[in-house]
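The structure presented is a predicted model; accordingly, all values stated were derived computationally and were not measured. Start at 1 and go down the list; that is how both ligands and their atoms are numbered.
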Amino acid sequence: MSGPNKFGRASSLREHRALTDNYARQPVEFVRGEGLRLWDADGVEYLDFLAGISVCNVGHCHPRVVEAVRAQAGALMHVSNLFFTRPMAELAERLTASSIGGRVYFANSGAEANEAALKVVRKARPRGEIVVVHGGFHGRTYGALSATPQESKQAPFAPLVPGFVPVPPAPDAIAAAVHEGTAAVLLEVIQGESGVIVLSEEVLRAARAACDAVGAFLVLDEVQTGMGRTGTLWAYEQTGVVPDAITVAKALGGGLPIGALVCGERLAGVFAPGDHGSTFAGGPVVAAAALAAFDILDDPVLLARVRELGERLRESLRELPGVLDVRGRGLMVAADVDADAPGVVRRALLEQRLVINATGPGTLRFLPPLVLDKSHVDDAVERLAAVLP
Ligand code: PLP
């Protein structure tokens, strides 16, 4: 598709002024996507290495997801959680069979999946504290925000939900913070929003051991790391640690909004009717899309390619001048640069038509769709090189 969208550029920019100012949006309006490609309202083509912040892991508008949505939308769109639907039940089975067993609560987003996690562990261990680590990010709703110990995000919205205990992501600090009055430790295996900080195996093992010692729960937030992003379906699979619950969202719906809390055996029976709920959660259309996304991403060949191409991306980035540090796992990658990272992101977008983002003033993040090949990696690195000072 080329040319302006049906509103024309000028009128759509006017409409954008009706939106609140809580996002630092780039001056680009996308109208179409396919695989790793996006097109703007003027028909200009872009290479996407962000995937809607790790949502479009299957690529844009994957035909199998589109077909699943079309078919389900024509059959049944919504009935509420007062009834069973097959896509939801099958998706719950896929989620539990591929991870820690147990049972699934569906939500509509990552923050909502984490809210459910906070409620289920508090119900299981009444009034218990929740230990979280500095640099963690779990969402913007009040419970999830309270679990996100970052001054700039929390301070304007005080008072927060009580009962959260932030500690440095260090084995000793976690061990010291967990006691009989602890309900859970909540962690990301790799901190995405803080700049792809990989927590060490020792930290995860210390959290597991501390929880086991007092009967508390280890909850891993796989919202960004899940659905193949790190080269295994779930990031925890590459650690020696098995959690009591995981939260999932982003790429789960193949591009549509859905979240899930997988409660392992110890937590599976905690929620009773009336404890929690959400009108739209796990609806048939998003669940059908998620089943298609699962079929595409839960594939050993694809996952091996994610590991291999992640390594290629990291190696290539390390060779670029001005790149100070490169880290990550699979295709969840960050590079610290000796430059103004938001400026690099903007120039990459506007001059090189490469979509990436910055997690801080000096850190670039790369989260491409997982359906890429090595030519996409080389193309992205070449485009980036052209805008690094
Ligand atoms: N948890 C993690 C690890 C995330 O990266 C995010 C979003 O970036 C969230 C939770 C919140 O997800 P959502 O924006 O869908 O509420």
Side-chain angles (χ1 to χ4, degrees), residues 20 22-25 50-57 99 105-121 130 132-150 152-154 157 161 164 166 169 184-199 203-204 207 218-230 233-236 239 243 245-262 278 280-283 286 289-290 293 328-334 356-360 363 365-367:
T20 58
N22 54 309
Y23 300 104
R25 287 194 172 91
L50 188 57
I53 322 182
S54 201
V55 166
C56 306
N57 288 11
S99 63
Y105 167 83
F106 283 112
N108 304 285
S109 67
E112 277 189 34
N114 285 327
E115 294 291 337
L118 299 174
K119 282 182 73 172
V120 83
V121 297
I130 312 229
V132 292
V133 294
H134 297 160
F137 180 85
H138 301 288
R140 307 286 192 151
T141 53
Y142 260 104
L145 179 65
S146 304
T148 296
Q150 298 183 36
S152 63
K153 293 185 173 67
Q154 289 186 336
F157 305 104
V161 178
F164 290 86
V185 176
L186 171 62
L187 301 171
E188 296 154 89
V189 175
I190 304 175
Q191 296 181 328
E193 297 308 293
S194 282
V196 188
I197 310 296
V198 183
L199 293 196
V203 167
L204 297 171
L218 177 62
V219 181
L220 294 181
D221 179 338
E222 292 257 13
V223 167
Q224 192 164 143
T225 51
M227 295 304 282
R229 173 56 56 194
T230 68
L233 192 62
W234 311 113
Y236 82 82
T239 74
I246 60 172
T247 53
V248 187
K250 288 196 184 277
L252 177 60
L256 293 186
I258 183 170
L261 163 68
V262 183
S278 172
F280 289 112
V286 286
R329 226 171 245 167
L331 285 163
M332 184 168 180
V333 175
I356 53 174
N357 92 325
T359 58
T363 304
R365 178 172 51 171
F366 307 85
L367 299 164

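The closest side-chain heavy-atom distance from Arg329 to Val189 is below 4.5 Å. Looking at Leu118 and Tyr142, their side chains never come closer than 4.5 Å, going by heavy atoms from C-beta outward. Considering only heavy atoms from C-beta on, Thr225 stays 4.5 Å or farther from Glu188 through its side chain.
Contacts of ligand 1 (protein heavy-atom distance under 4.0 Å) are Ser109, Gly110, Ala111, Asn114, Phe137, His138, Gly139, Glu188, Glu193, Asp221, Val223, Gln224, Lys250.
Thr230 and Ala235 get closest at one heavy-atom pair: OG1-CA, 3.6 Å.
Scanning for side chain to side chain contact (heavy atoms under 4.5 Å, CB included) contacts around Ser278 gives Tyr105, Asn108, Glu112, Ala281, with sequence neighbours left out.
A salt bridge links Arg365 with Glu193; the closest basic N to acidic carboxylate O contact falls under 4.0 Å.
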